[in-house]
Amino acid sequence: MLKDIQALRFFAILFVVFLHLPIILPNNHTYNELRNFTNTDSGVELFFVIAGYFLSLTLDKSSNHINSTPDKIVYLIKIYIKKIKRLSPPVYFWIAIPMLFSLITKNSELWLPYNLMMEKFFASFVWLRNFEEIGTEGNFGYMWALSLEMQFFIIYPLVYLTFGRKKTIITSVVICVFMMFYRPGGGPAWMFRFDPLLYGTLLYYIVSSIDLTKLSLQEINLSPLKKSAIGLMMIISLAVVPQALIHLWTFRFSAAAMISTVCVFLAVMNTGFFTSFPSILNKIVSYIGGRSFSLFCCHIPVWFIIFQLTHGHNISDSSRIVLQILSMFIATELTYQILEKPFIKKK
């Protein structure tokens, strides 16, 4: 795995966790001030562009000689099974935890009523959580992103194998341009913003058409400090620019996807734009980036478990927050080692 891609996953999950911090930091003045000029929900765009890029890479490398309809069906089934095996163990475990706590504790204010939690559990189980969240958004609705990614991974390969590479690319470009100006569905449309995944697929086709090795070795002749500065500038832009475009509600998602696409382009060159930091910092970034999926799945449920366990006890907010953050990282490592890593090896 490219080191710079892992670094981007680190920044993406950092954005997502920062976005959700109000859950454990209610009415925090410093946080609210930062949110006035940043909006880190663009971490989802970064995750999606990366996912779209590698989906196109997989399709382009492994589907060239598949022509007959039966072979295409078999190939699609293999892709779907592979994706489900990759995502399901951590997702299914961490959607079950809130449901079980809701049933056992009867604390509907913290965990939502059991019947509603059951609905959300089954919606996540069949990868339709983004549709379920339209009616009743809640603290556990973050699973919408994984549902949307799974839906895309089902539909895009089908379109690709049915209509071919050229028509798929043209259609993807048209959709991306269209969604700069209009997103069907109004308010809930943010849970259906699949265009960053298309940006990722298009980026792959651009990259595959150029001599990336020559470009990275001969054209990019920058010092590690300059590379780090450019990389950090792109990451900061990803947080700041979409917020500056808050009144252009539709286009700001497209802007986040475009900046994410540039970041992924720099990353796949593998020349250190996001890994030219001091060695110890690179190790931390790589460690967390490699566990970003597990961290994404568990962070909010773990925070609520600590809320539940500390309820009624004389514990300060600062101590509780520290406990929530530490527990989040412990749960991340356990999830990665037990529910994620074994299935990565089997891919």
Side-chain angles (χ1 to χ4, degrees), residues 1-25 40 43-44 46-48 50-51 54 82-101 104 110-111 121 124-125 129 139-143 145-147 149-150 235 267 274-275 277-310 315 318-347:
M1 179 60 65
L2 298 174
K3 292 181 179 179
D4 281 60
I5 289 292
Q6 291 293 61
L8 286 185
R9 289 194 172 110
F10 163 81
F11 288 114
I13 194 60
L14 184 68
F15 274 33
V16 170
V17 172
F18 184 81
L19 178 69
H20 295 153
L21 277 181
I23 294 174
I24 61 175
L25 290 174
T40 59
V44 172
L46 188 50
F47 273 131
F48 280 174
I50 294 171
F54 284 103
K82 182 179 179 181
K83 187 66 174 178
I84 291 172
K85 283 184 176 180
R86 173 70 176 87
L87 296 186
S88 292
V91 170
Y92 287 170
F93 180 83
W94 286 109
I95 62 174
I97 292 298
M99 183 185 66
L100 292 175
F101 268 86
I104 295 169
L110 189 63
W111 298 102
F121 169 82
S124 297
F125 190 86
R129 186 61 176 266
N139 289 321
F140 302 102
Y142 68 103
M143 287 292 182
L146 294 177
S147 290
E149 182 178 328
M150 180 62 77
I235 295 300
F274 304 99
T275 54
F277 308 115
S279 177
I280 184 64
L281 187 56
N282 281 332
K283 289 180 180 179
I284 294 172
V285 167
S286 178
Y287 175 84
I288 296 177
R291 290 153 175 77
S292 58
F293 175 54
S294 291
L295 179 51
F296 181 89
C297 290
C298 78
H299 69 290
I300 290 181
V302 168
W303 291 349
F304 274 81
I305 290 172
I306 300 302
F307 274 131
Q308 181 69 56
L309 297 178
T310 58
I315 181 172
S318 58
S319 296
R320 172 185 51 76
I321 292 168
V322 169
L323 183 59
Q324 286 172 311
I325 298 299
L326 290 175
S327 299
M328 176 185 74
F329 283 114
I330 293 172
T332 295
E333 182 62 24
L334 291 173
T335 302
Y336 176 76
Q337 294 294 342
I338 299 171
L339 299 176
E340 182 179 0
K341 188 177 179 180
F343 296 93
I344 294 175
K345 290 181 178 180
K346 292 180 180 180
K347 288 200 306 181

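Please read all numbers here as calculations on a predicted model, not as lab measurements.
- In this structure, the side-chain hydrogen bond (donor to acceptor under 3.5 Å, both in side chains) partners of Arg291, at least two apart in sequence or on a different chain, are Glu333.
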Residues Tyr336, Ile344; criterion side-chain contact (heavy atoms from CB on, under 4.5 Å); working and verdict: CA-CA 10 Å; Tyr336 176 76; Ile344 294 175; 4.2 Å; yes
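- Counting all heavy atoms, side chain and backbone alike, Tyr142 lies closest to Pro301 at OH-CD, 3.1 Å.
- Across all their heavy atoms, Met328 and Val17 have their closest contact at SD-CG1, 4.5 Å.
- Residues Ile84 and Pro89 share a closest heavy-atom pair of O-CD, 4.2 Å.
- Between Phe296 and Phe47, the ring planes lie perpendicular to each other; the angle is over 60°, past the 30° to 60° tilted range.
- When only modelled atom types and interatomic distance are considered, Glu340 and Ser294 share a side-chain donor-acceptor pair under 3.5 Å.
- Atom CG of Leu146 is separated from atom CD1 of Ile95 by 10.0 Å, given to the nearest 0.5 angstrom.
- Looking at Arg129 and Ser124, their side chains do bring a donor and an acceptor atom within 3.5 Å of each other.
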Residues Ser292, Gln6; criterion side-chain contact (heavy atoms from CB on, under 4.5 Å); working and verdict: CA-CA 9 Å; Ser292 58; Gln6 291 293 61; 5.8 Å; no
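- Counting all heavy atoms, side chain and backbone alike, Leu339 lies closest to Pro90 at O-CD, 3.6 Å.
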Working for side-chain contact (heavy atoms from CB on, under 4.5 Å), residues Leu100 and Trp111: CA-CA 9 Å; Leu100 292 175; Trp111 298 102; over 6 Å; no
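- When all heavy atoms are compared, the tightest approach of Thr310 to Ile306 is OG1-O, 2.6 Å.
- Between Ile24 and Ile325 the shortest heavy-atom distance is CD1-CD1, 4.0 Å.
- Under the 4.5 Å side-chain criterion, counting only non-hydrogen atoms from C-beta, Phe18 is in contact with Leu21.
- Ring centroid separation for the pair Phe10 and Phe274 does not come in under the 6.0 Å cut-off.
- Here the two rings, on Phe101 and Phe304, have centers that are 6.0 Å apart or farther.
- For the pair His299 and Thr332, the minimum side-chain heavy-atom distance is 4.5 Å or more.
- No option in Phe329, Phe93, Trp94 other than Trp94 meets the side-chain contact (heavy atoms from CB on, under 4.5 Å) test with Cys298.
- In summary, the side chains of Asp4 and Thr275 do present a donor paired with an acceptor at a separation below 3.5 Å, with no hydrogens or angles considered.
- In this structure, the side chains of Leu46 and Phe15 stay at 4.5 Å or more apart for every pair of heavy atoms.
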